[in-house]
Amino acid sequence: MAHMTYDLIIIGGGPAGSAAAVYASRKRLQTLFITAEWGGQSVVSEQIFNWIGTASLSGNELAQNFKKHVTANAGAGQTLEVKEGEKVTAIETAPKALSDSALGAVFSVKTESGGEFLTKNILIATGSGRRKLEAKNADKLEHKGLTYCASCDGPLFADMDVVVIGGGNAGFESASQLLAYCKSVMLLHRSDTFRADEVTVEKVLKNPKMQAIKNVDILEVKGDKFVEGIVYKDKATGKETELKVSGIFVEIGQIPNTDFAKSIVPLDEYGRIKINPLNQKTETVGIWAAGDCTDVLYHQNNIAAGDAVRALEDIYLAIHAK
Ligand SMILES: Cc1cc2nc3c(=O)[nH]c(=O)nc-3n(C[C@H](O)[C@H](O)[C@H](O)COP(=O)(O)OP(=O)(O)OC[C@H]3O[C@@H](n4cnc5c(N)ncnc54)[C@H](O)[C@@H]3O)c2cc1C
């Protein structure tokens, strides 16, 4: 059992959690930072062009920079402790005996390796993972022409024929970005109505380089070393068609990493943590959340970092107002 209580536990080492850790240390909050991995979702990107202050860097460099920046503010003489390679499995309300004792613990955070840590406040910054395309060969050709990020990888497909999978706003927004570089964009959607806003659908479909087909199942991604095509089935007729394409952009939704928190903070219908966008507070007093694990509309590295900084300002105020 833990023998001390932190002011704050930050969970997640993507842009949100890393930014929060630096701020927490600068504010001298007694903080424990726990992350499964460094860098977050864009660690897989070959190049990131929009991380402010750096014209271009790889996802791996971004992760290394986060680690360097956070650990430079941790260790001897600092108030920040870092636990990497650790996964949080549960957050519980601390037993009454502990909250009533000198420890004054409010929450207990448990990790996969059996660790248990007491804290007064928590910032959840565990991000999300993309819903993966389930089709033959999709796994094998991921990052080899099959990608989950048009704004990151779109320019690599200049003058090529590409497919977007997904008929929601993310699918149509990806198609809109790709139309700026690609020779043609074909959007494939599984149902017979698009979920994206009508205005967006109309605007995107007006482009002469754009086509869309509804009511299809994706069966297979073709290619050996790189994507060469895609096979889909028309659900009404059963007819199978193969399209020759060089790129496949999948936008079929995200799955927030919030399972471990669902019994302590309210989630929305998609499993995202509901927050007040003014201060990042969840509906549970003492717990804040930031970045892609929350119900914010836009998902970018800079946004996640900024959200987390906003949370830290509010956490600091809450601690010092007590
Ligand atoms: C392929 C791809 C490329 C992208 N490229 C760009 C780009 O070029 N520019 C841009 O601005 N945005 C890009 N994005 C979007 C951007 O990556 C996200 O918006 C951003 O990473 C969200 O940051 P986050 O800190 O909220 O969460 P994440 O980046 O998802 O980080 C979550 C962190 O929490 C950790 N974690 C998760 N669960 C647990 C747990 N239970 N216990 C402990 N730790 C846990 C993870 O290991 C990870 O370190 C891209 C996204 C993808 C998928």
Taking the side chain as everything from C-beta on, heavy atoms only, tell me whether [X] gets closer than 4.5 Å to [Y].
{"X": "Y181", "Y": "D159", "answer": "no"}
{"X": "I255", "Y": "S128", "answer": "no"}
{"X": "V70", "Y": "V82", "answer": "yes"}
{"X": "L243", "Y": "M186", "answer": "yes"}
{"X": "I124", "Y": "I91", "answer": "yes"}
{"X": "F66", "Y": "P15", "answer": "yes"}
{"X": "K83", "Y": "L32", "answer": "yes"}
{"X": "N121", "Y": "L29", "answer": "no"}

Nearest 0.5 Å, what's the [atom1]-[atom2] distance between [X] and [Y]?
{"X": "I252", "Y": "L133", "atom1": "CD1", "atom2": "CG", "value": "5.5 Å"}
{"X": "R195", "Y": "H189", "atom1": "CZ", "atom2": "NE2", "value": "5.5 Å"}
{"X": "L312", "Y": "L317", "atom1": "CG", "atom2": "CG", "value": "11.5 Å"}
{"X": "R131", "Y": "Q254", "atom1": "CZ", "atom2": "CD", "value": "10.0 Å"}
{"X": "N257", "Y": "Q41", "atom1": "CG", "atom2": "CD", "value": "7.5 Å"}
{"X": "I287", "Y": "I315", "atom1": "CD1", "atom2": "CD1", "value": "10.5 Å"}

Taking atom [atom1] as the centre, does [X] end up with more than 12 heavy-atom neighbours from other residues, nucleotides or ligands that are less than 6.0 angstrom away?
{"X": "R190", "atom1": "CZ", "value": "no"}
{"X": "K136", "atom1": "NZ", "value": "no"}
{"X": "H143", "atom1": "NE2", "value": "yes"}
{"X": "K183", "atom1": "NZ", "value": "no"}
{"X": "Y23", "atom1": "OH", "value": "no"}
{"X": "K209", "atom1": "NZ", "value": "yes"}
{"X": "K214", "atom1": "NZ", "value": "yes"}
{"X": "Y270", "atom1": "OH", "value": "no"}

Please check: side-chain N/O of [X] versus main-chain N/O of [Y], any donor-acceptor pairing under 3.5 Å?
{"X": "S99", "Y": "V106", "result": "no"}
{"X": "T5", "Y": "G104", "result": "no"}
{"X": "T35", "Y": "W38", "result": "no"}
{"X": "S25", "Y": "N73", "result": "yes"}
{"X": "T284", "Y": "I264", "result": "yes"}
{"X": "D197", "Y": "V199", "result": "no"}
{"X": "T294", "Y": "A290", "result": "no"}
{"X": "S18", "Y": "G14", "result": "yes"}
{"X": "T119", "Y": "Y6", "result": "yes"}
{"X": "T54", "Y": "S56", "result": "no"}

Salt bridge D161-K244, side-chain N to carboxylate O under 4.0 Å = no
Between K132 and E134, is there a salt bridge with N-O shorter than 4.0 Å?
-> no
Have E86 and S113 got a donor and an acceptor in their side chains that come within less than 3.5 Å?
-> yes
Apart from V164 itself, which Ile, Leu, Val, Met, Phe, Trp or Tyr residues share its cluster (side-chain heavy atoms under 4.5 Å, direct or through members)?
->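 In the cluster with V164 are L156, F157, M160, V162, F172, L178, L179, V185, L187, F194, V201, V204, L205, M210, F249.
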ILVMFWY clustering at 4.5 Å (side-chain atoms), partners of L278 = none
Take I11 and I122 through the test side-chain contact (heavy atoms from CB on, under 4.5 Å) and record every step on the way to the result.
-> CA-CA 8 Å; I11 312 167; I122 295 175; 4.0 Å; yes
Nearest heavy-atom pair of Q177 and A150: which atoms, and what distance?
->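 Q177 and A150 have their closest heavy atoms at OE1-C, 3.6 Å.
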Distance under 6.0 Å and angle within 45° of ring axis: K110 vs F260 = no
Within residues 285-307 or reaching into it, pairs that qualify as salt bridge (Lys or Arg N to Asp or Glu O under 4.0 Å) - sequence neighbours excluded |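 Pairs touching residues 285-307 that pass the test: D307-R310.
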